[in-house]
Amino acid sequence: MTEAFCCQSSDGEQPLYTLLICRDTGCQSAGAEAVQVALRDEIARLGLSGIRIKSTGCHGFCEKGPLVVVEPGGICYMCVTPADAPEIVASHLVRGEVVTRLVYQDPETGERIARYGEIPFYKHQYRIVLRRCGRIDPEDIDDFIASEGYQALRKALQEMTPRQVIEEVRRSGLRGRGGAGFSTGLKWHLARDAQGAPKYVVCNFDEGDPGAFMNRSEVEGDPHGLLEGMAIAAYAVGARRGYIYVRAEYPRAVHRLRVALAQAEKRGFLGENILGSGFSLDIQIKEGAGAFVCGEETALLASIEGRRGMPRPRPPYPAESGLWGKPTLINNVGTLFNIPPIILRGAEWFASIGTQQSKGTKVFSLVGAVAHSGLIEVPLGTPLRTIVYDIGGGPKEGRTLKAIQTGGPSGGCIPAGLLDLPVDYETLARVGSIVGSGGMVVMDETTCMVDVARFFLSFTQAESCGKCVPCRLGTKRMLEILERITRGEGQEEDIGLLLEVAETTRQGSLCGLGQTAPSPVLSTLRYFHHEYEAHIREKRCPALRCVALITYLIRPDKCQGCGRCRRACPSEAIRGEHGLIHVIDQAKCIKCGACLDACPDRFSAVAKVSGETLRVSDSPVPVGSNDW
Amino acid sequence: MSPRTARVQDRALRGSVDLLLLDEPTGPQALIALLQKVQTELGYVPEEAIRAISERTGVAASEVFGTLTFYTQFRLRPRGRRVVRVCRGTACHVRGGEAVRHKLERILGIRPGETTSDGEYTLETVACVGACARAPVVVMDDLVYGQMTPPKVDEMLAPRSGEQND
C-alpha cells in the first residue's frame with residue numbers, strides 16, 4: 001500500500017503502543033464499542049501504562065470488523081470480540097507477541113499476514129483521500145494537525161495568491177469526484193471570474209447513491225480534511241461563507257463535522273482573519289431532508305434556500321448564479337479532500353498518478369457479492385480485475401462473477417468479460433457505465449440482471465421530483481414493464497418498448513437524474529439480453545431471484561420427514577408429519593424460502609427451481625417408500 | 001374524543017410548537033430547519049406546526065405542506081415506539097435484503113410506512129444507511145444490525161438482552 005503522507009503521533013511523548021480501534025458504522029454494527037471497552041478495562045486491570053487507545057474512522061476492511069490495529073508495527077486484528085481482549089493485552093501489549101489467530105488468513109494458502117500493509121486488500125491501494133482515515137482520532141484536532149493538518153491551508157494563505165491556487169489545481173488535472181468528472185480547476189476559474197458578491201462555496205455531501213458510502217467514511221474518519229479543502233476552495237474563489245449540505249441519514253457525520261468546526265474556529269483555522277491572513281470564512285452545516293434529487297447541484301441549492309429540491313435549467317450555472325442568485329462554487333466531498341495534498345505536494349505529483357485524462361486516485365465502496373467488502377482507494381486506471389480479485393478477493397464462496405455495477409442508479413452493469421478494462425472516466429463511459437460517485441457493487445450468478453434494472457428503476461421512479469414529464473412518466477413506465485417481465489408476464493415487444501422509453505427519458509429530462517435513469521436498463525439489455533429473453537420467452541429466472549418465477553419443492557427421495565420445514569412455514573403450506581415425506585401446497589406457498597433455510601444441509605431436500613419441473617409426491621407418504 | 005377536548009388539545013399542541021420555535025430563525029430559508037426541529041422534538045409534524053411555521057417563515061401553509069411532503073424525512077403522523085428501518089441499498093438488495101423485508105412485513109403484519117395498531121412498531125425503508133459492507137442491514141432504535149437473514153429477524157425483535165447488537 002502507498003500512503004501519501006506519514007502520520008506521526010500527536011503526543012510529544014511516544015506511547016509504547018497505540019491501539020487504533022475503528023468506530024465507523026460498519027465496525028460499530030459488528031460490536032466495536034464493546035471491544036474497545038473490554039480492551040480498556042483489561043489494560044486498566046493489569047495497570048499497564050504507555051498505551052493509547054484511539055477511536056478512529058474507517059480502516060476500510062469493513063467485512064472483517066471490528067478491526068483493531070496496533071502500532072508500532074501496523075498489526076491488524078480482525079473480527080475481534082470482547083472475549084479476545086485479555087489475550088491481545090497479555091500477549092501483544094505485555095509480551096510483545098502477535099496473536100496469530102486473530103490476524104488475516106489468506107483463504108487459499110492459509111498463510112497468516114499480520115501487518116495490514118501487506119494484506120492483499122491493502123497492498124494494491126494508494127491512499128491520498130483516505131490517508132488519515134483509521135489513523136487519527138477524528139474528534140481530536142491535535143491528531144489531525146500532527147499529520148500535516150492545516151499545513152496546506154497555511155501554505156495557500158501565506159505563500160500563494162488565489163490565482164496561483166487555482167492554477168495549481170487546474171494543472172493537477174483533478175476532476176470532480178461527484179460523478180460528472182468536470183475539471184475542478186476550470187470550475188474554480190469560472191467561480192473566481194464571476195461577477196457578483198457575496199460568493200459562496202458549497203460542499204455537496206448529499207451522498208445518495210444506494211450502495212455507496214465513500215463520503216460518509218471520509219468525513220467521519222477525517223472531518224478536518226474536508227474543512228481544510230473547503231477553506232482553500234473558498235480562498236481561491238473569494239467566498240466568505242460556505243455550506244456543507246449533508247444527507248439526512250448521516251447523523252454521525254453531522255456530529256463529527258460540528259465538533260470539527262468548533263475546534264477549527266477555536267484554533268483560528270476558520271472564522272475571522274484566518275492565520276492572520278485577512279481571509280475569513282464561516283462554514284455552516286445544512287442537513288438534507290431525504291431527497292435523492294438534491295444531489296443535483298441546482299436542486300441542492302434550492303434545498304439550502306429552504307424550498308423543494310427541484311432542479312432548474314442550466315445555464316446559468318451556479319458559478320454565475322447560484323445560492324440566492326450569487327456566484328457559487330459547488331464541489332463534492334471527494335473533490336475537496338484532494339485539494340490539500342495537491343497544494344502541499346504540487347500539481348506534478350498529483351498528475352503523475354492515474355491515466356492521461358483521469359488523474360489521481362478514486363475512493364470506491366466495494367460491496368455486494370465479493371469476499372472482502374470495504375472502502376478502497378486506487379489510482380484511476382487500475383484494472384477492474386485488480387479491484388475485484390486482488391483487493392476484493394473475488395466472488396464469495398466459489399461463486400461465479402457476473403457483473404460489476406458502478407455509478408449507482410445513474411450507472412450501468414459491466415459484465416465479467418470486461419474485467420481487464422481500466423477504471424477511468426472515459427473507459428467506463430464507453431462501455432455504458434460511469435465512475436460516478438464511487439459505488440461498486442459486485443454481482444454473482446445469484447443476482448438477476450432484470451431484477452437489478454427493476455431495482456434501480458424503482459429507486460429513480462420514487463426519487464424523480466416530477467418536474468419533467470419524460471422522467472416522471474418514463475421511469476414509471478419502464479418500471480411497470482420491468483415488473484411485468486420479472487413477474488413472468490413480459491411480452492416479446494417489451495424490449496423494444498423499453499428501449500424507446502429509455503431514449504425519450506434520456507433526451508427529455510432536465511437533470512442528471514432523468515438523463516441517466518435509463519442507464520441500468522440500457523446496460524443490462526446490452527450485456528444480459530439473454531436474461532431478459534429467459535424471463536419473457538421461457539418464464540424462467542436463471543438467477544432464481546424473481547419470486548413469481550420460482551418454485552419451492554421437496555425432493556421425495558431426500559426428505560427424511562423431520563418436519564422442520566413444516567414448522568418453519570409461515571403460511572401452513574407444507575403437509576406431512578414425522579416420518580412422512582413432506583409436500584408443499586403450491587397454492588398456499590408464499591415463496592419466502594423459510595423451508596429452504598430450515599431444511600438441514602445433510603438432507604438438502606428443499607429445491608428452488610425456475611422453469612424446470614421435478615417429480616414430487618402428491619401427498620405425504622412414508623419416508624423410504626417409492627409411492628410417489 | 002369530544003370536539004371540545006380536541007380543540008383544547010390542538011391549542012396545547014400549538015402552544016408547545018410555538019415554544020419550540022421561540023429561539024429559532026425566521027424567514028423562508030429557515031423552513032426546512034424548522035420542520036426538522038419540530039420533527040426531532042415531537043417525532044412528527046402535526047398540522048398545528050404547519051400553521052406555526054407558515055407564520056414564522058412567511059411561506060404559505062400550502063407551500064409548507066408541499067415542501068414537507070416532498071422530502072421523505074418528514075412524517076405527518078407519529079411513529080411507533082420502536083422504529084425498524086430496512087435498508088434498500090444496492091448492496092443489501094444483492095445480498096438478499098428483500099427477503100429480510102418480507103419477513104419483517106409478515107411478522108409485524110404491516111407494510112413499510114405503517115405502524116402496528118398497538119403503536120409499538122413502525123416499519124420503514126431507507127435508501128441506504130451506508131453500512132454496505134455489512135449488508136443486508138436493518139436499523140432498529142438507531143442500532144445497526146448487519147449481515148441479516150430472515151431467521152435473524154426473530155432474534156432482533158426478541159426482547160433485548162444487554163448491548164449485543166449483531
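Residue numbers start from 1 in every chain, and the chains themselves are labelled A, B, ... in the order their sequence lines are given, proteins ahead of strands.
Only the backbone of Ile304(A) comes within less than 4.5 Å of a heavy atom in chain B; its side chain stays farther off. Contacts of Arg307(A) with chain B are made by backbone atoms alone, with heavy-atom separations under 4.5 Å and no side-chain atom involved. Only the side chain of Phe456(A) comes within contact range of chain B, with at least one heavy atom under 4.5 Å from a heavy atom of that chain. When heavy atoms are compared at a cutoff of 4.5 Å, Ser303(A) approaches chain B by way of both its backbone and its side chain. Residue contact with chain B, scored on non-hydrogen atoms closer than 4.5 Å, involves the backbone of Val442(A) exclusively. There is no contact between Asp444(A) and chain B, counting heavy-atom distances below 4.5 Å. Heavy atoms of Glu287(A) lying under 4.5 Å from chain B belong to its backbone as well as its side chain. For Ser365(A), no part lies near chain B; criterion is any non-hydrogen pair under 4.5 Å. In this structure, chain B has no heavy atom under 4.5 Å from any part of Phe292(A). Within the 4.5 angstrom heavy-atom criterion, no atom of Cys58(A) approaches chain B.
Separating the SG atom in Cys128(B) from the CZ atom in Arg216(A) is a distance of 8.5 Å, to the nearest 0.5 Å. Note that CE of Met440(A) and SG of Cys132(B) are 13.5 Å apart. Values are rounded to the nearest 0.5 Å. Note that the CD atom of Gln147(B) and the OG atom of Ser373(A) stand 9.0 Å from one another [nearest 0.5 Å]. Rounded to the nearest 0.5 Å, atoms CZ (Arg308(A)) and CD1 (Ile32(B)) are 11.0 Å apart. Summarising the geometry, atom CD belonging to Gln29(B) is positioned 8.5 Å from atom CG belonging to Leu323(A); distances are rounded to the nearest 0.5 Å.
Tyr71(B) places no side-chain N or O within 3.5 Å of a backbone atom of Gly288(A) that could act as its donor or acceptor partner.
Between chain B and the options Glu463(A), Lys396(A), Gln405(A), the largest number of non-hydrogen pairs under 4.5 Å is found for Lys396(A). For the options Val126(B), Thr72(B), Val129(B), Leu31(B), heavy-atom pairs under 4.5 Å to chain A are most numerous at Thr72(B). Contacts with chain A were tallied for Gly130(B), Ala131(B), Gly96(B), Gly89(B); Gly130(B) has the most, counting heavy-atom pairs under 4.5 Å. Of the listed residues His102(B), Glu98(B), Gln36(B), the one with more heavy-atom pairs under 4.5 angstrom with chain A than any other is Gln36(B).
Within 6.0 Å of CD on Glu120(B) lie more than 12 heavy atoms contributed by other residues, nucleotides or ligands.
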Go through the steps to decide whether Arg95(B) and Glu63(A) satisfy the test salt bridge (charged side-chain N to carboxylate O under 4.0 Å, His left out), and finish with yes or no. CA-CA 13 Å; Arg95(B) 286 195 181 179; Glu63(A) 182 87 34; 3.3 Å; yes
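Residues His93(B) and Pro210(A) form no side-chain contact, since every pair of their non-hydrogen atoms from C-beta on lies 4.5 Å or further apart.
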